[in-house]
Every structure is written in C-alpha cells, then in structure tokens.
Amino acid sequence: MNYANANLRSTLGAKSSWVFNCNKVYRKLKGEGGEKSYLFRNMALNDVVLIKEILKSNDPRRADGSPIGTKLYLPFEPENPDRGGRSMLFDSPDLLPFLAQAVGLTPNGDKEVFDNDFKILGAVNQLPSMDGFLMRDALALKGITANEAYFEVSPAEREAIQAFIRNKMEMLVRAAFGGDKPTESKVTQLIDVVWEAKDLDALEPLILALRCPKSESLTIFGAWKAIMFYSFDYARSEEKRKSLALFLNKNSKLRNDLPKAHADFLRQRVHDIATRLRTHWFSVDTVLQDYNDLYHKFVTSMEPAGFLGFLRNAKEVSCAVGISLGKISQAVGCLEMMTAGHGLTEQNLEILLGQLYGALAPMATPRAQSAAAA
C-alpha cells in the first residue's frame, strides 16, 4: 500500500474534530435531491475538505498568533477525493488566487457570494477545532445557517452540551448578584447573553462581578464558552482515549520472529506514541482541573482574581486544549478508520503507527497560565 495514499485516505475518512469533510456531506445531500441548504453559495466550494494543522516554521503566520492553521483541500475528482487534489492554508497570501482558479470565487465576481463564503471560511479558521457544536455555534453568531447534516450534532446531543454549559454559567450568574436572589427569568436572560457573547451592555452585571476590562469582555466570554465545551467533550470522549491506550498496550508486545532491528524500531515507535498520548491527555486534564478549581473558588468566595487571570488567557488556553483534544481525536479517528471491520496486517499496522505518531506530535501546551496568577 502506498503510504501517502493511505495517509490521505485515512485523513479524509477519519471522523475527527480536525477534519471537516464538507465534500462528503454535500454529495450526500445532493444525492437525496430536493431543495437543500448547502454550506457554501459557490457550488464548487462545497467540494472542499477543511483540515486543521499545526503550522510549520515555513508556513504563513497567523495574525492572531495561533499555532493552528486551516488547510483547504479541493480534490481533483470530487467523487473520489482520495485520488489527490490541490490545497492551500487559509492564511496564505495566495489564498485568493487559489480560490479564483480552483472554484471561481473572487471578490470581483458576485460580491454577495464571496462575502458569505469567505465569512464562513474565516469563522471556521478562528476555531481551535471543528467540532460540530463549536462550528454550528460560531456560524450562527454570524447569521449563517446550513443543513444540520454538516454538524453531526443530534438534537439530544446538542441539548446535553447546552445543559452542561448553561449549568456552569448559572453558577456565575447567580454569584454575580451577591446576596440578592435573582429571578429565574433574570438568570435565564443573562445566561442567554453570555451564550451569544456579543452584547456589551447586557453583559454589564457579569463584567462588574468579574472586574473584567470591558474592552476584553466579548473575547473572554467567547473563549470561556469554548473551554466549557471542551470540558464536556473531554468527559464524553474518555472511553475513546482509553481504547487507543489499550490498542497501544496490546501492540507493545511484538512477534518473536521479527528481525531484531525492525522489532526494536516498532517497539520504540509504540512507546513514543503512548508517551505522546499521555502528554496530551495530562495537559488537558491539568488545564481543566485548574479551570474547575479556580471557577469553584470564585463562585463560592466572589474573589475573582484567580479566575479572571484564567479568563484573560482563555483564548490561549482554549486553543491549547483544542489542540491536544484535536490531536487525540485525529489519532482515534485513524485507529477506527484502519481497523474498521477487519484486523490489521503487518504492513497496515506500520502505516497506522506512522499515522498515530504524526497525529500526536508534541507541542508546547501551556498549563493554565492563570494558576500562577491565582
């Protein structure tokens, strides 16, 4: 099996928060017929696959300093995307010429279509990962709606996520009133305001309670919501992380008939992957534990210093957590893709180990910076 083709096929087929296969959903909706709400107004752009990547040293730098880039992959054959295609990072200075040549999307053409579709790409690019819930929420805040099939979030799942986040928000909202007991409608109103994170005047009670700089409040509350989502996602994905760890433990024991040099290489590769998994796992666990401790301390004492310090770094922290969870998600997706319905041949095992090693590449993920400031 060609390693490059295997990696591309696994990337496109894996269910991962770092891969948004718009192409697959578009083709499915198109095949069902009837009027559909496709994501992009430029029809050719609906064949895109968006992939989150850690930026390399020679990649274009992002204006916000984020280490994560978003690659647009447009297949040569939309019906067979794993046969190759063209790609470009969203932050590349060559993006506009690329879009003009690849799909005919240009600001000099239909401006309404360009503005709409570029706004969607920009919103996705700003996210640390492409979890359906985060994507749907980010686009909704910009007034963009699309078929629910793009987000793969069932009504029950969305309700569970919202309930988890709103429960966390409610603790802060009630604490913000001090000794006064707010009415249920007032609590709901403020929770809705935090959820939308775009009305400064309505956020005033919480801004005062946190002693939060008004100029930073919208960014802070938006990033806080992302951290709460990742707290939910971390809890619900535990079994998948464990399945990956168990797979690595099982495959740390190799056949006795392998040449020693090859066996040593594979044994070291499995050990390195397991170490990388533990590093990302521990990084997320530490950050979220710091967050929960600081939040609990704040809502029980109404001393906001530690929690505000955390929130000031919320964007960086949510990005770091999103990176580690995204890497684990990509590794789990590769494992599921390569083992679906069959066992692994020796060659496929080596390919999968290479994919896991790359997916879990280490990166400096800061411990909750606020902890030092608490």
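Numbers for residues simply follow the sequence, beginning at 1. Quick note: numbers below take in every heavy atom, side chains included, and nothing from hydrogens, waters or symmetry partners.
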Quick one: does NZ or CZ of R269 land under 6.0 Å from the six-membered ring centre of Y357, within 45 degrees of the ring axis?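 Yes, a cation-pi geometry holds between R269 and Y357.
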Regarding R241 and the six-membered ring of Y234, is the cationic atom NZ or CZ under 6.0 Å from the ring centre and inside 45° of its axis?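 That pair qualifies as a cation-pi contact.
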Counting only heavy atoms not in [X], do more than 12 fall under 6.0 Å of its [atom1]?
X    : atom1 : answer
K119 : NZ    : yes
E77  : CD    : yes
E79  : CD    : yes
E53  : CD    : yes

Salt bridge check: are R267 and D264 linked by an N-O gap of less than 4.0 Å?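 Yes.
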With rounding to the nearest 0.5 Å, note down the distance linking [atom1] in [X] to [atom2] in [Y].
X    : Y    : atom1 : atom2 : answer
Y295 : F310 : OH    : CZ    : 12.0 Å
I51  : S87  : CD1   : OG    : 7.5 Å
I68  : I54  : CD1   : CD1   : 5.0 Å
L288 : Y291 : CG    : OH    : 9.0 Å
Q355 : N348 : CD    : CG    : 9.0 Å
I323 : S283 : CD1   : OG    : 9.5 Å

Is there a side-chain contact between [X] and [Y] in this structure, where contact means two heavy atoms from C-beta onward sitting under 4.5 Å apart?
X    : Y    : answer
F20  : V48  : no
D117 : V113 : yes
L244 : L277 : yes
V49  : L72  : no
L325 : W281 : no
D131 : D233 : yes
S231 : F164 : yes
F98  : L105 : no

Is it the case that the side chain of [X] and the backbone of [Y] share a donor-acceptor pair, with hydrogens and angles ignored and the cut-off at 3.5 Å?
X    : Y    : result
K52  : P128 : no
Y73  : G85  : yes
S154 : E157 : yes
S129 : G322 : no
Y150 : V25  : no
H280 : L360 : yes
S92  : M88  : no

Is the F133-Y230 ring centre distance short of 6.0 angstrom?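 That pair fails the under 6.0 Å test.
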Can you pull out every salt bridge (charged side-chain N to carboxylate O under 4.0 Å, His left out) where at least one residue sits in residues 274-287? Sequence neighbours excluded, please.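 Every candidate salt bridge (charged side-chain N to carboxylate O under 4.0 Å, His left out) pair involving residues 274-287 fails, so no pair, neighbours aside, qualifies.
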Using side chain to side chain donor-acceptor pair (under 3.5 Å) as the criterion, list what pairs up with N125, not counting sequence neighbours.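 R62, T70, D91.
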Partners meeting side chain to side chain donor-acceptor pair (under 3.5 Å) with D94 (sequence neighbours left out):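 Partners of D94 under the side chain to side chain donor-acceptor pair (under 3.5 Å) test: none.
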Given Y26, which partner from the list D47, L45, N21 fulfils the side-chain contact (heavy atoms from CB on, under 4.5 Å) test?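 Output: one option passes, namely D47.
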For a side-chain contact (heavy atoms from CB on, under 4.5 Å) with L139, tell me which candidate from L134, T145, I120, L127 qualifies.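 That would be I120.
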Working for salt bridge (charged side-chain N to carboxylate O under 4.0 Å, His left out), residues D110 and R41: CA-CA 10 Å; D110 189 323; R41 295 185 187 179; over 6 Å; no
Show your working on side chain to side chain donor-acceptor pair (under 3.5 Å) between D293 and Q289 and close with a plain yes or no. CA-CA 6 Å; D293 289 347; Q289 185 61 54; 2.8 Å; yes
